[in-house]
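Accompanying notes for the structure given below.
Remember, it's a predicted structure, so these values are computed and weren't measured experimentally.
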Amino acid sequence: MKKTLKPVLEGLAVGCVFISITMLFEIPLYMSFIIGGLAAVGGIHNSIKMDRAKAEKAAAAEKKDD
């Protein structure tokens with residue numbers, strides 16, 4: 001999977017889950033979409049941040065082995 005596609009897919013998955021959860025609480029549809037959109041943006045940001053931290057940790061481990 002491309003590095004640019006992975007965060008987007010993870011963010012969309014988080015957004016869909018939040019939309020589903022908010023629909024259970026009978027919140028109006030437009031508010032569910034707003035909450036889902038914000039959750040998707042947060043999911044994308046978190047995925048990018050976690051990938052960066054994972055790469056830094058791998059680089060530090062590789063440097064330590066040398």
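Considering only heavy atoms from C-beta on, Asp51 comes within 4.5 Å of Lys6 through its side chain.
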Going by atom type alone, with no hydrogens or angles, which donor-acceptor pairs under 3.5 Å involve a side-chain atom of residues 36-43 and a protein atom two or more places apart or on another chain?
none

Distance-only donor-acceptor hits, side chain of residues 25-34, under 3.5 Å, sequence neighbours excluded:
from  : atom 1 : to    : atom 2 : distance (Å)
Ser32 : OG     : Thr22 : OG1    : 3.1
Ser32 : OG     : Pro28 : O      : 3.4

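Going from atom NE2 of His45 over to atom CE of Met50 covers 11.5 Å, rounded to the nearest 0.5 Å.
Under a hydrophobic-cluster definition in which Ile, Leu, Val, Met, Phe, Trp and Tyr are linked whenever side-chain heavy atoms come within less than 4.5 Å, directly or via other members, Leu12 and Phe18 are assigned to different clusters.
Nearest approach of Ser47 to Pro7, heavy atoms of both residues: OG-CA, 3.5 Å.
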